[in-house]
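A quick write-up on the structure given underneath.
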Amino acid sequence: MPDSAGLSVQFVKGVGPHKARLLAGLGINTITDAFHYLPFRYEDRSTFRPITNLQPGSRETVSGTIVSLKAKGHRLSILEVVIFDKAGYLKITWFNQPYLKRTFKMGQSLVVSGMVKQNTRDMPPLMMESPEYETLPDDADALIHSGRVVPFYGLTEGISQKQLRKIMFSIIAEYTADLRDPLPPDLLARNDLPALQESIRELHFPGNADHLADLNTGMSRYHRRIIFEEFFLFGLGLAVLRETARQEKGISFRPKGNLGRALLEQLPFELTSAQKRVIGEIRKDMQESCPMNRLIQGDVGCGKTIVALSAMLDAVESGCQAVLMAPTEILAEQHFINIRSMIGQLGLNVHLVTGGTKKNSAPSADVFSSDIIIGTHALIQEKVKFRKLGLAVIDEQHKFGVMQRAVLRKKGVNPDVLVMTATPIPRSLALTVYGDLDCSVIDELPPNRKPVLTTWIESTKKDDIYAVLRRELGMGRQAYVVYPAIEESERLKLKTAVQGKEAFAQKFPEFRVGLMHGRMHAEERAKVMSLFKKKEIDILVSTTVIEVGVDVANASVMLIVHAERFGLSQLHQLRGRVGRGVDRSYCILIAYHPVGEDARRRLDIMVRTNDGFRIAEEDLAIRGPGEFLGTRQAGLSGLRNADIVRHAAILEAAKNEAFSLVEKDAELKELPFLKEHLDVFWKGRVDLFKTG
Ligand code: ADP
Ligand code: MG
C-alpha cells in the first residue's frame with residue numbers, strides 16, 4: 001500500500017489539527033478514509049440554466065452576481081437579494097435569518113437551488129424563497145464549487161459544505177495518483193468494473209454529467225466498483241480464514257466416549273435422530289486433524305445445548321478445555337446451572353465467567369484449572385487465559401460477530417469451533433455471518449412437544465386471558481410475563497415490568513410473583529431464576545432479559561405485554577421459553593392500541609405458525625435483511641459503502657470471486673499487493689495471515 005494511504009488527513013493542505021478532529025467525527029482519519037467517504041448527492045453546475053429560461057413551478061439551480069441586497073422588517077426580518085446572470089434577474093428572499101445579511105456581499109457570485117415562483121409583488125418577475133445557496137469566491141475556488149458536476153458530502157457541525165468539498169478536492173487532486181488497485185485486472189474485466197483511480201475521481205469530482213443520474217442513486221459503475229471491492233475484501237478475509245483453518249493442524253480428538261455415554265445414560269430422554277446425526281458430524285470433525293468450524297442451526301427448543309455438551313465432553317476427555325460463550329449473562333448463568341447439574345456426577349470442574357463476576361475473584365486462575373468454562377463475551381477479554389482450549393462453542397451466534405468468534409479461537413492453538421444459532425439466515429446473506437463455516441441442521445423437535453397455542457388480543461380484552469393464566473397456575477404450572485421496558489417512561493407510556501409486577505401481585509394474591517430485569521445484579525437475577533426453577537415463584541415478570549435460551553420445563557404460559565412493540569424473531573424466541581415440557585403451553589400476546597399494520601402482520605404470523613424457519617423468512621420480508629441481521633455484526637464494520645440489503649447481487653458476485661480465488665491460491669502468493677491490502681482491511685479485527 002502506498003505511503004499516503006494511511007496518512008492522517010491532518011497533513012492535507014488546509015486541514016490542520018482542528019479540522020482533523022472534526023473530520024474524525026465523520027470517520028475520516030486517513031487519506032483512504034477520505035477516498036471512501038462518498039458524496040451523497042451531485043449537482044450539475046457545469047451549465048447553469050439561464051434565468052431568462054426559468055419556468056415557475058420547477059426546481060432549478062442558477063448562478064448569478066448579487067446586484068441588490070436589502071434587509072427589511074424588525075420582528076420578522078426579511079432579506080431580499082437580487083442576482084443577475086448577464087441576461088436575467090432573479091429575486092431571492094430569506095425570512096428570519098438576519099445573519100445572512102453578513103454572509104452576502106454585493107458583487108459576489110451566488111448559486112441557489114430551489115423552487116422557481118412568480119414574483120407577484122414587484123420586479124423582477126421570478127423569485128425563489130429560502131433556496132439552498134452557496135456563495136462562490138471569485139478566485140480559482142470557483143472551479144471546485146461551480147462550472148462542473150459538484151459533489152455534496154454529509155457534514156458535521158463546524159465544517160461547511162464548501163470547506164469539506166475543498167478539502168476533498170485537494171485530497172483527490174494530490175493523492176489519487178498514488179493509489180494502487182488491489183483488484184487484479186482480470187477480475188475487473190470479468191466483472192466489468194472500472195479501475196480504482198478512475199472510480200475515486202469520478203465518485204468525488206465527476207469529469208462530466210454523463211453518469212449524473214446513476215451517481216445520484218448510488219448505482220453508478222464507480223459505486224459498483226467500490227462496493228464490490230468492500231464485499232470482495234470482506235469475503236476474501238472469510239475465505240482465507242476458512243482455508244487457513246482447514247490447512248492448519250488442529251487437535252485430533254480421540255475421546256473414548258465414556259463421558260458422553262455417561263451423560264446420555266442419565267438423561268431422562270432419548271436423543272432425537274437429528275441430534276444423533278449432528279453429534280456424529282461433530283465427532284467426525286473433531287477427530288480429524290484440521291480444526292472444526294461448524295455451525296449448528298436449529299429452531300428454538302430443538303435441543304442444541306445437549307449436542308454441544310456432548311462435544312464438550314469429548315474434548316475434555318481428550319485432555320482439553322471446552323468453553324461455551326453465550327450472548328447474555330442470564331443465558332450464561334443458565335447454561336452454567338444446567339450443565340453443572342447434567343454432569344454433576346462426572347467429577348469435572350465447571351466455571352462461570354461473566355462481566356458480573358467479582359473483580360477480585362481472579363477469573364484467570366479458575367479458568368486455567370477448569371475443564372469446562374461457560375461465560376459471556378467477558379471470555380474474550382485479554383486477561384482470560386486458558387490452559388489448553390480444545391473446543392469453543394458459541395451459542396446464539398447471530399448475537400456475536402465474526403470477529404468475536406475469531407478472537408475466541410485465538411485463545412487456543414487452533415481449537416475446534418462450534419457455533420449454534422436459532423436464527424436461520426437466507427443463503428444470500430449467509431456469507432456475511434457464516435461464510436467460513438460448515439453447517440449442520442437439527443431439523444427435528446423432541447417428540448411429544450405440543451405446539452404452543454398462540455393467540456393475540458387487544459389490551460381491552462385482557463380479563464379473558466387472566467382466566468387462562470389462573471387455570472394454568474392452579475394446575476401447578478408457571479408463567480412468564482414479559483414487558484418491553486423496566487421503569488415507567490412517560491413518553492412511551494408503556495406498561496413496565498416494575499409496575500407490572502405490582503399489578504400481577506395484586507391480581508393474583510394467591511401466587512408468588514417474581515421480578516427480573518437487566519439492571520439487576522447478576523447474582524440477584526441468578527437468585528430469582530433459581531427460585532423460579534425451584535418453583536418458589538409462580539409468575540416471573542421480566543423484561544426481554546429472558547429472551548434467549550432460558551429453560552424451565554414447568555412454565556406453560558408466556559404472556560407478552562405490548563407485543564406490538566416486539567420483532568418477530570424476538571417474539572418467537574420468547575415463545576420458545578414455553579412448550580418445553582409435555583404439557584400444553586400457551587403464548588398470549590397482548591397488543592395495545594393502536595396496532596399498526598406491520599404489527600398485525602407479525603402477530604398473525606405468530607398465531608399461524610410455530611416454525612422458526614418460516615418465521616425468520618417472514619421477518620426478513622417485513623424488515624429487510626439489514627434490520628434482520630442487526631447492527632451487532634461486528635464483522636460488517638469494514639463495509640463503508642456496501643450494504644448487504646441494497647447490494648445483494650454485488651455481494652454474491654464478489655463472494656464467488658473471493659472464494660474461487662482462495663481455492664486457487666490460499667495464501668495469495670500471486671497477488672502480494674492484494675494480500676497486503678487485505679491485511680490492512682482486516683487490521684485490528686483479525687490477523688488473517690500468520691507472520692512467521
Ligand atoms: P435450544 O436448541 O433452543 O438451545 P435446548 O438445548 O435449551 O434448546 O433444549 C430445550 C429443552 O429440551 C431442554 O430442556 C432440553 O433438556 C430438552 N431436550 C433436549 N433434547 C431433548 C430430547 N431429545 N428429548 C426431549 N427433551 C429434550
Ligand atoms: Mg439454546
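When a ligand or atom number is given, it counts from 1 through the structure's own listing order. Keep in mind that the numbers below use all heavy atoms, side chains included, and drop hydrogens, waters and symmetry copies. Residue indices begin at 1 and follow the sequence shown.
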Query raised in the report: Counting heavy atoms not belonging to E382, are there more than 12 under 6.0 Å from its CD?
Result: no
Requested in this report: Return a yes/no value for G303: is any of its N or O atoms, backbone included, closer than 3.5 angstrom to an N or O of ligand 1?
Outcome: yes
Query raised in the report: So is G301 polar-close to ligand 1, meaning N/O to N/O under 3.5 Å?
Result: yes
Report summary line: Atoms of ligand 1 under 4.0 Å from any heavy atom of L271, numbered from 1 in the order shown, are 23 (N)
Query - F532-Y480 aromatic ring centre distance below 6.0 Å - result: yes
Query raised in the report: Is it true that M420 lies under 4.0 Å from ligand 1, counting heavy atoms only?
Result: no
Report summary line: So the atoms of ligand 1 within less than 4.0 Å of a heavy atom of V300 turn out to be 3 (O)
**Report entry** Contacting atoms of ligand 1, where contact means under 4.0 angstrom from a heavy atom of E270
**Finding:** 22 (C), 23 (N), 24 (N)
**Report entry** Those atoms of ligand 1 less than 4.0 Å from some heavy atom in T305
**Finding:** 4 (O), 5 (P), 6 (O), 7 (O)
Report task. Only one of K501, R525, E524, K527 passes side chain to side chain contact (heavy atoms under 4.5 Å, CB included) with M516; say which it is. Result -> R525
Query raised in the report: What are the two closest heavy atoms between F504 and Y483, and how far apart are they?
Result: CE1-OH, 3.3 Å
Query raised in the report: Any idea which of Q275, M342, E444 brings a heavy atom closest to atom 20 (N) of ligand 1?
Result: Q275
**Report entry** Whether G298 lies under 4.0 Å from ligand 1, heavy atom
**Finding:** no
Query - Carboxylate-amine/guanidinium contact R600 E458, below 4.0 Å - result: yes
Requested in this report: Examine the side chains of T354 and E333 and answer whether a donor and an acceptor come within less than 3.5 Å of each other.
Outcome: no
Report summary line: From the list R277, E281, Q297, side chain to side chain donor-acceptor pair (under 3.5 Å) with S440 holds only for E281
Report summary line: Atoms of ligand 1 under 4.0 Å from any heavy atom of T272, numbered from 1 in the order shown, are 23 (N)
